[in-house]
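The structure appears below as structure tokens.
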Amino acid sequence: FVARPVLTDPGLEACQRLTETQRAATAWPAAGGAAGAAYGELMAALAPDRAEAARRAGVALGESRVVCRMNGPGDVADGHRLGLDIFAQA
């Protein structure tokens, strides 16, 4: 279990409304990092001429979870790797 930044530091506020259950949920691996990586790869495959931009957008999706204090950078990086693995197996 990896605590969310908003749980470990009560002074932080997330960029979204949270129930206590959401606040207390594990931060690792970051689902936003996984989704961003998988969506980025999917869009890159569908539009190869814009693959780099698609992948950057996927990374930005994951990084937004750090900005919003829902996940730490390591949580997002691990989620990103998971998303790449899931896409590769699809």
Tell me whether [X] contacts the main-chain N or O of [Y] through its side chain, where contact means a donor paired with an acceptor under 3.5 Å.
X     : Y     : result
Asp78 : Asp75 : no
Thr8  : Ala3  : no
Asn71 : Val76 : no
Arg23 : Val6  : yes
Arg4  : Gln22 : yes

Nearest 0.5 Å, please: how far is [atom2] in [Y] from [atom1] in [X]?
X     : Y     : atom1 : atom2 : answer
Leu7  : Glu20 : CG    : CD    : 8.5 Å
Met70 : Leu18 : CE    : CG    : 4.5 Å
Arg56 : Arg50 : CZ    : CZ    : 12.5 Å

* Structure fact -> Nearest heavy-atom contact between Gly72 and Pro5 is N-CG, 4.1 Å
* Might you confirm whether atom OH of Tyr39 has over 12 heavy atoms from other residues, nucleotides or ligands at distances under 6.0 Å? => no
* Asked: Considering residues at least two apart in sequence or located in another chain, which fulfil the side chain to side chain contact (heavy atoms under 4.5 Å, CB included) criterion with Ala34?
  -> none
* **Salt bridge flag under 4.0 Å for residues Arg55 and Glu41** => yes
* Asked: Under a single-linkage definition using a 4.5 Å side-chain heavy-atom cutoff for Ile, Leu, Val, Met, Phe, Trp and Tyr, are Phe87 and Leu46 assigned to the same hydrophobic cluster?
  -> yes
* Partner set under side chain to side chain donor-acceptor pair (under 3.5 Å) for Gln16, not counting sequence neighbours -> Arg65
